[in-house]
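Taking it in order: structure first as structure tokens, then the write-up.
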Amino acid sequence: MTDNADDFGRNMVANLYRHRGTTVESASARDAYHTLAVTIRDRLIERYARTAAAHYAANPRFVYYLSAEYLLGRQFEQNLLYTDTREQARVAASALGYPLDDLAALDAEPGLGNGGLGRLAACLLDSLATADIPAVGYGIRYDFGIFTQSFRDGAQRELPDDWSHYGTPWEFAAPDDRLEVGFYGHTEAYNGSGPRRRWVPGETVLGEPSHMLVPGWGTETVNIIRLWRAVASSDSFDLGHFSAGRYGDAVENVTHVENITRVLYPDDSTELGRELRLKQQYFLVACTLRDIVRRFRLRNEDFDHFADKVVIQLNDTHPVMAIAELMRLLVDEYALDWDRAWGITRRVFAYTCHTLLPEALETWPVSLVERLLPRHMEIVYLINHHFLADVERHFPGDHDRKRRMSLIQEEPERRVRMAHLAVVGSSAVNGVAELHSDLLSAETLRDFAQLWPERFHNVTNGVSSRRFLRIANPRLSGLLTERLGGEEWLRDLDLLADLESHADDRALQERWRDIKRRNREDLALHVKDATGVVIDPDAMCDVMIKRFHEYKRQLLKVLHIVTLYHRLRDDPAADVVPRTFVFGGKAAPGYHAAKRIIALVNGVGAAVNADPVASRRLRVAFVPNYNVTRAELIIPAADLSEQISMAGKEASGTGNMKLALNGAVTVGTLDGANIEIRDRVGDENFFLFGQDAAEAARTRRGYYDPRSFYERDPELRAAVDAIASGAFSGGDRGAFSSVVDSILYHDEYLVMADYRSYVDTQDAVDGAWRDADRWTRMSIMNTARCGFFSADRTIRDYRERVWHVDPVRVGPHH
Ligand SMILES: CCc1ccc([C@H](C)CC(=O)N[C@@H]2O[C@H](CO)[C@@H](O)[C@H](O)[C@H]2O)cc1
């Protein structure tokens, strides 16, 4: 497909007729957007066809990435870039009378994820395709993604996210590939070839896939992501009820079925144990494994080759029932004997853990699993039986160890430990940053690391340079391409290191500062539009963008802002550096403590922004509805990156990497990937504070009296008292009493203990900012030294340590 403007324009008009059934004269903006998207998509689908042909011919080993969440972000800009058709698109759009940017603005973001885990999945798929690795991402096509956040009187409001209300041009539904998924029912023995067991589901639903294209950067490969949605069989609609006027009853079965993939669960750290959530997880697993087995049998006979051709990466515990499901398929449906099936299963799966929070490690009541998935519960028991026998062989008579390691938690209620099933059923287990992986082996999964040390790895997270530099920050990308002599850095981010030798170059520094300022100006326009707050593009842009959670300590940031506010109120001439505090992030709807902190941020922001003295130096902007698209706007404008979680709690973080790559300097604790960022950028280019993981754990284990810090630190005391006084809640002293009580009397995440170190470090940040050349040098060094945090490197590590898969080159004429 040639891509000169005329051809592109002709394709566009033809697609307008074919896909929208309308004419150039009467085409709406949405017609133009959809048609342009389809015309771009045509170029990708052509590459996908060649990729599929190459993969079919090569019959290669495939990586299947199983994730309940994908935060893909908008596809329009990405696909324009990956097909290099921006200019043709601009011409074609204006021929229909629409500026390209207006059409791009109609591109909906598929918010099919909560936060870090979902976005990482999207970055990794981008890098898998860029590395020409045969791969498919499997997930759930939720009708409603992560809720749309708005604020009323400073409090979070959740609205349903009907992301595909107008349909989306980027997906291909495949109703022909529908397949059946069972739930409930019972199991029974029967005599096939010897005594066998089988499942007789009580209800079945249909799973329908739709796929989206995942193009690689600078290569022909186009992989796919396949998302499943539940559809009711046509006989689910009850005509009898309908003709009797009982319309609700008539569609009850239909609704019951479609509810399985209706909405994403908006929790990102606390398992709720809802039956529908387990149904969602099994639905994903059942559809996916059937599809993977179907693909395998297209080119292969013998299941003994299955583990050579298939590696399945489990993105946290959410899809872990896949282990029991593969055993069910191999033993019950393909009649393999247990040991042969188990040998295959264990070689196929690999598990990535993304958390350290005990409350985020999923366990399901045995009673629920027995009812919803009776055959799987039997299989889990059998897996546990063989596993505990193995533990007994290694640690004879160590009953306590067996009780700790069992797949079944016995007290207070019998529950299936999904993380244990994941480890027992996988050949590789990894954490997502060095500290995280060390803590997994030393604490959370210690018994398993002792039994199978060879299975435990670390693979530090990474981010897509294409999305979070090239697309998000075109100004800086232009400078990098100019200074590094071409765009090769987009395929090899380590090339950024060549910038280092220019870090003191005056001309580069001037350009660097100018780019940051222009990016801050763009952000200021959005902030004004979205919040009404006017921010100063010359002020330091101090950014905290991430889900709201107490361990991430947005509260510590609030205490710092209140402290500066008090300093200016006490002395308007105080030498406080002008700062814009930019917040972004959602709280799980049921997480009340986090929602109180959101209200507090807005309360403090309103007071500071309205204060005649403080507002001359300080502004607070809480950007509503933080998502991938808003991250792409905020990150390029950031000067200071807030990574202030309690050490030992943030598994990795990925926002920290995106911000550092865009020249933001980090103020942070020795937590997650902050440690590796600091190791690479140098401690002179990083503002470190607070207790490290060992100290924090000791403090937590020991006698910790948060109130004592309040007693002896006047600035801390004044800040806490101000919050308690109602100063940020219209005089309502009760508004934040729960927040104040939580840090004064329990303070699980050591906000009080780290306050002084944090505020003093922030004063050092002020000092550095006053020396523009020093700050710019620090900023350049962060970009130059963070090439390691490319998702391309992460994929290389997974290939070497976990997947052992080879690329398949896709030629231009396959
Ligand atoms: C059961 C509810 C639930 C849902 C999602 C999760 C995710 C694992 C939470 C998550 O997104 N974790 C984040 O994963 C990122 C990618 O590895 C890390 O960078 C973050 O540190 C981690 O918090 C836990 C529990």
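Just so you know, ligand 1 is whichever comes first in the structure, and atom 1 is the first atom listed for that ligand.
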Whether H436 lies under 4.0 Å from ligand 1, heavy atom: no
G653 touching ligand 1 at heavy-atom level, < 4.0 angstrom: yes
E434 backbone acceptor or donor facing E676 side chain under 3.5 Å: yes
Check: V424 and F448 side chains under 4.5 Å, non-hydrogen atoms: yes
Atom pair CZ (R793) and OG1 (T460), whose distance is rounded to the nearest 0.5 Å: 5.5 Å
Whether T130 side chain and G216 backbone form a donor-acceptor pair below 3.5 Å: no
E650 N/O to ligand 1 N/O under 3.5 Å: yes
Contact (N/O only, under 3.5 Å) between E362 and ligand 1: no
Heavy-atom donor-acceptor pair, T666 side chain to G668 backbone, under 3.5 Å: no
Which segment of N461 sits under 4.0 Å of ligand 1 when only heavy atoms are counted: side chain
Within reach of ligand 1, part of R277 (heavy-atom separation under 4.0 Å): side chain
For Y551, the ligand 1 atoms whose distance to one of its heavy atoms is below 4.0 Å: 23 (O)
N or O pair under 3.5 Å between L117 and ligand 1: yes
Nitrogen or oxygen of D316 less than 3.5 angstrom from that of ligand 1: no
Whether D692 side chain and A694 backbone form a donor-acceptor pair below 3.5 Å: yes
Subset of ligand 1 atoms that lie under 4.0 Å from at least one heavy atom of A651: 21 (O)
Ligand 1 to S652 polar contact by distance, N or O atoms, under 3.5 Å: yes
Exam field: side chain H420 to backbone M405, donor-acceptor pair closer than 3.5 Å: yes
F349 CZ to I312 CD1 distance, which is reported to the nearest 0.5 Å: 4.0 Å
V432 N/O to ligand 1 N/O under 3.5 Å: no
